[in-house]
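What follows is a set of notes on a single structure, which appears directly below.
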Amino acid sequence: MRNTFQDKIQIKKSLINNIDRQNQTDVNSWELTFEDNTITPLVYYNDWILTQYCLDIKKMSYQNLIKDTTSEQSYNEEMMNWYKKNK
């Protein structure tokens with residue numbers, strides 16, 4: 001499946017919005033509340049965003065992602081650097 005230029009822009013915007021939402025959440029909170037008042041555990045949301053970054057931005061396959069030995073902290077730092085450059 002090929003992504004158009006507009007698709008790539010939407011993917012980036014989606015991840016930036018997700019990181020924004022993450023950054024607006026109290027670090028002492030266990031949950032993140034969405035606009036529709038649904039709740040998700042913050043740890044789940046953080047993992048989901050990192051997965052989104054690896055799959056959509058780094059273009060890793062799911063198989064590569066689960067086999068990768070890079071630390072979560074390393075990817076998180078990389079993602080936040082990407083976020084700062086693209087926000």
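Along the sequence shown, the residues carry numbers beginning at 1.
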- Query: How close do Leu50 and Glu72 get, heavy atom to heavy atom, and via which atoms?
  - Reply: CD2-CG, 3.5 Å
- State, to 0.1 Å, how close Phe34 and Thr40 come at their nearest heavy-atom pair, and which atoms those are. CE1-CG2, 3.5 Å
- Task: Test side chain to side chain donor-acceptor pair (under 3.5 Å) on Asp7 and Thr4 and set out the steps.
- Result: CA-CA 5 Å; Asp7 291 336; Thr4 66; 3.2 Å; yes
- If every non-hydrogen atom of Thr38 is compared with every non-hydrogen atom of Asp36, which pair is closest and at what distance? OG1-OD1, 2.6 Å
- Item | Residues in salt bridge (Lys or Arg N to Asp or Glu O under 4.0 Å) contact with Glu78, at least two apart in sequence or another chain | Lys58
- Between the CD1 atom in Ile66 and the OG1 atom in Thr51, the distance rounded to the nearest 0.5 Å is 11.0 Å
- Query: So do the side chains of Asp56 and Leu15 get within less than 4.5 Å of each other, counting heavy atoms only?
  - Reply: no
Scan the side chains in residues 41-49 for donor-acceptor partners under 3.5 Å anywhere in the protein, sequence neighbours excluded, and list what turns up.
unit_1, atom_1, unit_2, atom_2, d
Tyr45, OH, Asn18, O, 3.2
Tyr45, OH, Asn18, OD1, 3.2
Tyr45, OH, Arg21, NH1, 3.2
Asn46, OD1, Gln22, NE2, 2.6
Asn46, ND2, Leu42, O, 3.4

- Message: Quiz question: by atom type and distance under 3.5 Å, do the side chains of Tyr83 and Asp20 form a donor-acceptor pair?
- Response: yes
- Going by side-chain heavy atoms closer than 4.5 Å, which hydrophobic residues are tied to Ile39, directly or by a chain of links? Trp30
- Side-chain contact, heavy-atom cut-off 4.5 Å: Ile19 with Lys87? no
- Query: How far does CG of Asn76 sit from CE of Met79, to the nearest 0.5 angstrom?
  - Reply: 4.5 Å
- Query: To the nearest 0.5 Å, what is the distance between OG (Ser14) and NZ (Lys12)?
  - Reply: 13.0 Å
- Do Tyr53 and Met80 pass the side chain to side chain contact (heavy atoms under 4.5 Å, CB included) test, and can you show the C-alpha distance, the side-chain angles, and the key distance before you say yes or no? CA-CA 10 Å; Tyr53 170 75; Met80 294 312 291; over 6 Å; no
- Item | Glu77 side chain to Gln73 side chain, donor-acceptor N/O pair below 3.5 angstrom | yes
- Rounded to the nearest 0.5 Å, what separation is found between the CG atom of Asn64 and the NZ atom of Lys59? 14.0 Å
